[in-house]
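The structure under discussion appears below in the form of structure tokens.
In this text, all values refer to a predicted model and were calculated from it rather than measured experimentally.
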Amino acid sequence: MYLEGDRVRLRPRAVEDAATYQRWVNDVEVIRFLGGAPFQWSLAAEEETIRTQWAVNDWEHGVHLAIEAVDGPAPVLIGTITLRELDAIARWGEVGILIGEREYWNRGYGEDAMRTLCRYAFEDLDLNRIELYTYEYNPRARRSYEKVGFVLEGRLRQRRYAGGRYYDTLVMGLLREEFEIREAERLALDSPSRPT
């Protein structure tokens, strides 16, 4: 499965990516936005996780994809995105994203990856709702999600403990109809004006 965005391509995760993923989970700045702390994760353990947990993309296991930036001379692996907890009856899922390469932060790649996955989730998987969780100390991520159409739905007060203090976890959601409206508006702005 390959999903094409404007600046990114989403593709299946591969064992060959394991060393890059391992580097990301051991980077203090990267992992703090995932709610974790750097941990020692062996290359063998990362490879096994890719083979056993992330190799299958289906309703039961979720969709686990690598994010590649494709607007340069060659594709560059910059992150991962996952659609999990898929509910076939209520038609919803939870998304998680990581841009692990710091030089790609604040440049719109995460927004494009999120938009691309949401399009797939609503059009191909026929979901009605996507939700995500982020932390109050990550306003950059919140702005990016809002650009795709996610709205703040709730706050789990002091659910996250990091750096010696408590932080709120923010719950954000996006409905298919909201995404369709946002996409139509975005595409209308991007298309050249017709002469009258």
Side-chain angles (χ1 to χ4, degrees), residues 1 3 5-11 13 21 24-25 27 29-37 53-54 57-68 78-102 104-162 166-183 186:
M1 166 193 333
L3 305 175
D6 295 332
R7 304 177 68 198
V8 302
R9 175 177 61 189
L10 308 183
R11 63 158 172 83
R13 295 184 190 183
Y21 299 154
W24 293 340
V25 300
D27 184 322
E29 276 302 299
V30 171
I31 205 68
R32 78 183 185 100
F33 295 114
L34 292 182
Q53 296 178 30
W54 297 337
N57 288 311
D58 62 17
W59 277 97
E60 182 180 348
H61 299 94
V63 177
H64 308 276
L65 301 170
I67 303 169
E68 290 181 328
I78 64 167
T80 63
I81 192 164
T82 299
L83 184 62
R84 57 187 172 253
E85 307 297 328
L86 295 169
D87 185 321
I89 304 300
R91 312 303 298 179
W92 73 272
E94 178 188 330
V95 68
I97 186 171
L98 166 71
I99 302 297
E101 295 298 333
R102 292 192 207 179
Y104 289 86
W105 289 0
N106 295 316
R107 295 178 51 195
Y109 291 96
E111 178 188 339
D112 189 38
M114 185 65 76
R115 182 179 292 112
T116 302
L117 185 68
C118 287
R119 186 178 310 112
Y120 168 75
F122 291 132
E123 293 177 2
D124 295 322
L125 298 182
D126 195 31
L127 294 188
N128 182 59
R129 172 187 168 76
I130 301 171
E131 62 189 42
L132 60 82
Y133 299 85
T134 189
Y135 303 111
E136 68 175 307
Y137 59 76
N138 195 355
R140 179 181 46 138
R142 181 176 171 183
R143 284 190 304 273
S144 176
Y145 304 146
E146 287 171 342
K147 289 179 184 176
V148 176
F150 283 86
V151 297
L152 181 64
E153 295 182 334
R155 180 178 292 268
L156 304 172
R157 296 175 304 146
Q158 297 186 6
R159 186 173 187 234
R160 168 86 176 116
Y161 185 79
Y166 290 99
Y167 295 93
D168 293 352
T169 298
L170 308 179
V171 181
M172 301 184 76
L174 176 63
L175 302 178
R176 180 199 330 233
E177 62 192 44
E178 295 166 339
F179 181 74
E180 290 171 349
I181 291 168
R182 179 65 61 103
E183 279 296 277
R186 184 180 71 86

Check: [Y] main-chain N/O paired with [X] side-chain donor or acceptor under 3.5 Å:
{"X": "Trp105", "Y": "Ile99", "answer": "yes"}
{"X": "Glu111", "Y": "Gly108", "answer": "no"}
{"X": "Asp112", "Y": "Arg7", "answer": "yes"}

Mind listing the closest non-hydrogen atom pair of [X] and [Y] along with its distance?
{"X": "Val30", "Y": "Gly100", "answer": "CG2-O, 3.4 Å"}
{"X": "Ile130", "Y": "Cys118", "answer": "CD1-SG, 3.7 Å"}
{"X": "Ser144", "Y": "Gly110", "answer": "OG-C, 4.2 Å"}

How many angstroms lie between [atom1] in [X] and [atom2] in [Y], if you round to the nearest 0.5 Å?
{"X": "Ile67", "Y": "Arg13", "atom1": "CD1", "atom2": "CZ", "value": "8.5 Å"}
{"X": "Leu175", "Y": "Glu131", "atom1": "CG", "atom2": "CD", "value": "10.5 Å"}
{"X": "Leu117", "Y": "Leu125", "atom1": "CG", "atom2": "CG", "value": "8.5 Å"}
{"X": "Met172", "Y": "Glu153", "atom1": "CE", "atom2": "CD", "value": "8.5 Å"}
{"X": "Glu94", "Y": "Thr82", "atom1": "CD", "atom2": "OG1", "value": "10.0 Å"}
{"X": "Ile78", "Y": "Leu98", "atom1": "CD1", "atom2": "CG", "value": "10.0 Å"}

Are [X] and [Y] packed together at the side-chain level, in the sense that at least one heavy-atom pair is separated by less than 4.5 angstrom?
{"X": "Arg176", "Y": "Asp126", "answer": "yes"}
{"X": "Val95", "Y": "Leu174", "answer": "no"}
{"X": "Ile81", "Y": "Thr116", "answer": "no"}
{"X": "Arg186", "Y": "Arg115", "answer": "yes"}
{"X": "Leu3", "Y": "Arg9", "answer": "no"}

Phe179 pairs by ring pair (Phe, Tyr, Trp, His ring centres under 6.0 Å) with which of Tyr120, Phe150, Phe122?
Phe122

Sort and list the pairs that fulfil salt bridge (charged side-chain N to carboxylate O under 4.0 Å, His left out) and have at least one residue in residues 133-144, not counting sequence neighbours.
Arg142-Glu146

Residues in side chain to side chain contact (heavy atoms under 4.5 Å, CB included) with Arg159, at least two apart?
Tyr133, Leu156, Thr169

Is the closest basic N to carboxylate O distance between Glu29 and Arg102 below 4.0 Å?
no

The ring pair (Phe, Tyr, Trp, His ring centres under 6.0 Å) partners of Trp92 (sequence neighbours excluded) come to none

Go through Leu127 and Leu86 one step at a time and tell me if the side chain to side chain contact (heavy atoms under 4.5 Å, CB included) criterion holds.
CA-CA 9 Å; Leu127 294 188; Leu86 295 169; 4.0 Å; yes

Just checking Tyr167 against Tyr137, ring centres under 6.0 Å apart?
yes

Face-on cation placement of Arg107 at Tyr104 ring, 6.0 Å and 45° thresholds:
yes

